[in-house]
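Throughout, protein chains are lettered first and strands after them, A, B, ... in sequence-line order, and every chain is numbered starting at 1.
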Amino acid sequence: MEVYKSLLREYGPQGWWPVGGSYFPKDDSPFEIAAGAVLTQNTTWKNAEAALEGLRKGLLNPDALIEIEFSKLAGIIRSSGYYNQKALRLKEISLYFKKSVERGGTPDRSSLLRVRGIGPETADSILLYAFHIPVFVVDSYTRRIFNRLGMLTGNETYDTIQALFMNELPRDEILYNEYHALMVKHGKEICRKNPICDRCVLRRKTICSYTPSVVH
DNA sequence: ATCCAGGCGTTAT
DNA sequence: ATAACGCATGGA
């Protein structure tokens with residue numbers, strides 16, 4: 001919670017939610033959010049967004065994505081990278097939504113994880129952003145930041161890290177949403193692969209134990 | 001030119 | 001069980 005407060009004070013609310021965010025705006029349908037979650041896997045949101053834009057003309061629903069020819073879909077989402085894998089994953093998710101979600105259900109985590117192409121982070125992103133269920137999303141930035149803070153060792157599993165956060169923090173959708181967004185911001189701009197520790201609010205508070213492995 | 005981005009499934013240890 | 005590896009485009 002101390003880290004969260006520092007990041008929030010430094011960067012302010014990121015606006016991923018409730019309204020005005022450019023990532024998963026509130027008025028997007030759950031299916032669109034799920035599609036976006038797949039398209040952005042290991043890829044910048046910019047590239048994913050371009051792919052999403054290509055789908056925006058009538059293709060952002062399960063029926064359309066089930067119908068469309070595979071290679072055509074792959075071509076449309078080309079800009080998101082891994083387009084063959086992601087085309088398959090979009091089709092799998094479409095089947096899942098048509099079967100389980102479209103008639104009223106909120107998905108549960110274990111059923112999401114059975115879908116080909118939905119791993120823990122994508123599942124949790126869908127639960128949090130599309131269905132407003134308070135689950136903490138762990139991503140590579142979370143790992144990197146907390147490794148450098150000395151609060152993780154680097155060999156924890158996804159579920160272990162998630163449990164650490166969720167046991168420590170109140171189960172609050174908005175808090176998890178904002179915290180995740182702030183870590184993306186901090187991870188991208190400051191706690192990068194090559195970090196700019198001089199500008200890091202966490203280091204100034206001497207929480208951070210990161211020391212560059214190669215010092216010139 | 002080289003490196004990396006809000007991972008995941010498969011295949012090798 | 002867990003560590004490597006392939007997947008691929010676009011921008012810095």
Could you tell me whether [X] contacts a base, only the sugar-phosphate backbone, or nothing, with contacts defined as non-hydrogen atoms closer than 4.0 Å?
{"X": "A:Arg143", "value": "nothing"}
{"X": "A:Arg89", "value": "base"}
{"X": "A:Val115", "value": "sugar-phosphate"}

Rounded to whole angstroms, how far apart are [atom1] on [X] and [atom2] on [N]?
{"X": "A:Asn84", "N": "B:dC8", "atom1": "CG", "atom2": "P", "answer": "19 Å"}
{"X": "A:Glu121", "N": "B:dG9", "atom1": "CD", "atom2": "P", "answer": "12 Å"}
{"X": "A:Gln162", "N": "B:dG6", "atom1": "CD", "atom2": "C1'", "answer": "15 Å"}
{"X": "A:Lys188", "N": "B:dA5", "atom1": "NZ", "atom2": "C1'", "answer": "9 Å"}
{"X": "A:Tyr82", "N": "C:dC5", "atom1": "OH", "atom2": "P", "answer": "14 Å"}
{"X": "A:Ile118", "N": "B:dC8", "atom1": "CD1", "atom2": "C1'", "answer": "11 Å"}
{"X": "A:Met183", "N": "B:dA5", "atom1": "CE", "atom2": "P", "answer": "16 Å"}
{"X": "A:Leu182", "N": "B:dG6", "atom1": "CG", "atom2": "P", "answer": "15 Å"}

Are any of [X]'s side-chain N or O atoms less than 4.0 Å away from OP1 or OP2 of [N]?
{"X": "A:Thr40", "N": "B:dG7", "value": "no"}
{"X": "A:Tyr141", "N": "B:dG6", "value": "yes"}
{"X": "A:Arg116", "N": "B:dT10", "value": "yes"}
{"X": "A:Tyr83", "N": "C:dT9", "value": "yes"}
{"X": "A:Thr122", "N": "B:dC8", "value": "yes"}

Audit row: A:Thr160, A:Thr157, side chain to side chain donor-acceptor pair (under 3.5 Å) steps and yes/no: CA-CA 5 Å; A:Thr160 300; A:Thr157 65; 2.8 Å; yes
Name the closest nucleotide to the A:Asn47 side chain, picking from B:dG6, B:dC8, C:dG10.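 Of all the options, the side chain of A:Asn47 is nearest to C:dG10.
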Give the nucleotide from the list C:dT9, B:dG7, B:dG6 with an atom nearest to the side chain of A:Ser79.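 Nearest listed nucleotide: C:dT9.
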So does A:Asp159 pair up with A:Arg109, basic N to acidic O under 4.0 Å?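 A salt bridge is present here (some side-chain N lies under 4.0 Å from a carboxylate O).
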Short N-O contact, A:Arg56 and A:Glu53, less than 4.0 angstrom: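 Salt bridge between A:Arg56 and A:Glu53, a charged N being under 4.0 Å from a carboxylate O: yes.
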Inter-nucleotide [atom1] distance ([N], [M]), Å rounded:
{"N": "C:dG11", "M": "B:dC8", "atom1": "P", "answer": "24 Å"}
{"N": "C:dA3", "M": "B:dG6", "atom1": "C1'", "answer": "23 Å"}
{"N": "C:dT9", "M": "B:dA1", "atom1": "P", "answer": "16 Å"}
{"N": "B:dT11", "M": "C:dA8", "atom1": "P", "answer": "15 Å"}

Ring centroid separation A:Phe146 to A:Phe165 under 6.0 Å: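 Ring centroids of A:Phe146 and A:Phe165 are less than 6.0 Å from each other.
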If each of A:Gly117 and A:Arg144 is mapped to the nucleotide of DNA chain B with the nearest heavy atom, which maps nearer the 5' terminus, i.e. the 5' end?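 The residue closer to the strand's 5' end, by nearest nucleotide, is A:Arg144.
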Closest nucleotide of DNA chain B for A:Asp139 versus for A:Leu113: which of these residues is on the 5' side?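 Its nucleotide being nearer the 5' end, the pick is A:Asp139.
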Determine, step by step, whether A:Tyr11 and A:His186 satisfy the side chain to side chain donor-acceptor pair (under 3.5 Å) criterion, reporting the C-alpha distance in whole Å, the side-chain angles of both residues, the deciding distance to 0.1 Å, and the verdict. CA-CA 8 Å; A:Tyr11 301 118; A:His186 186 65; 2.7 Å; yes
In this structure, which one of A:Lys86, A:Arg89, A:Glu121 forms a side chain to side chain donor-acceptor pair (under 3.5 Å) with A:Gln41?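 With A:Gln41 as partner, side chain to side chain donor-acceptor pair (under 3.5 Å) holds for just one option, A:Arg89.
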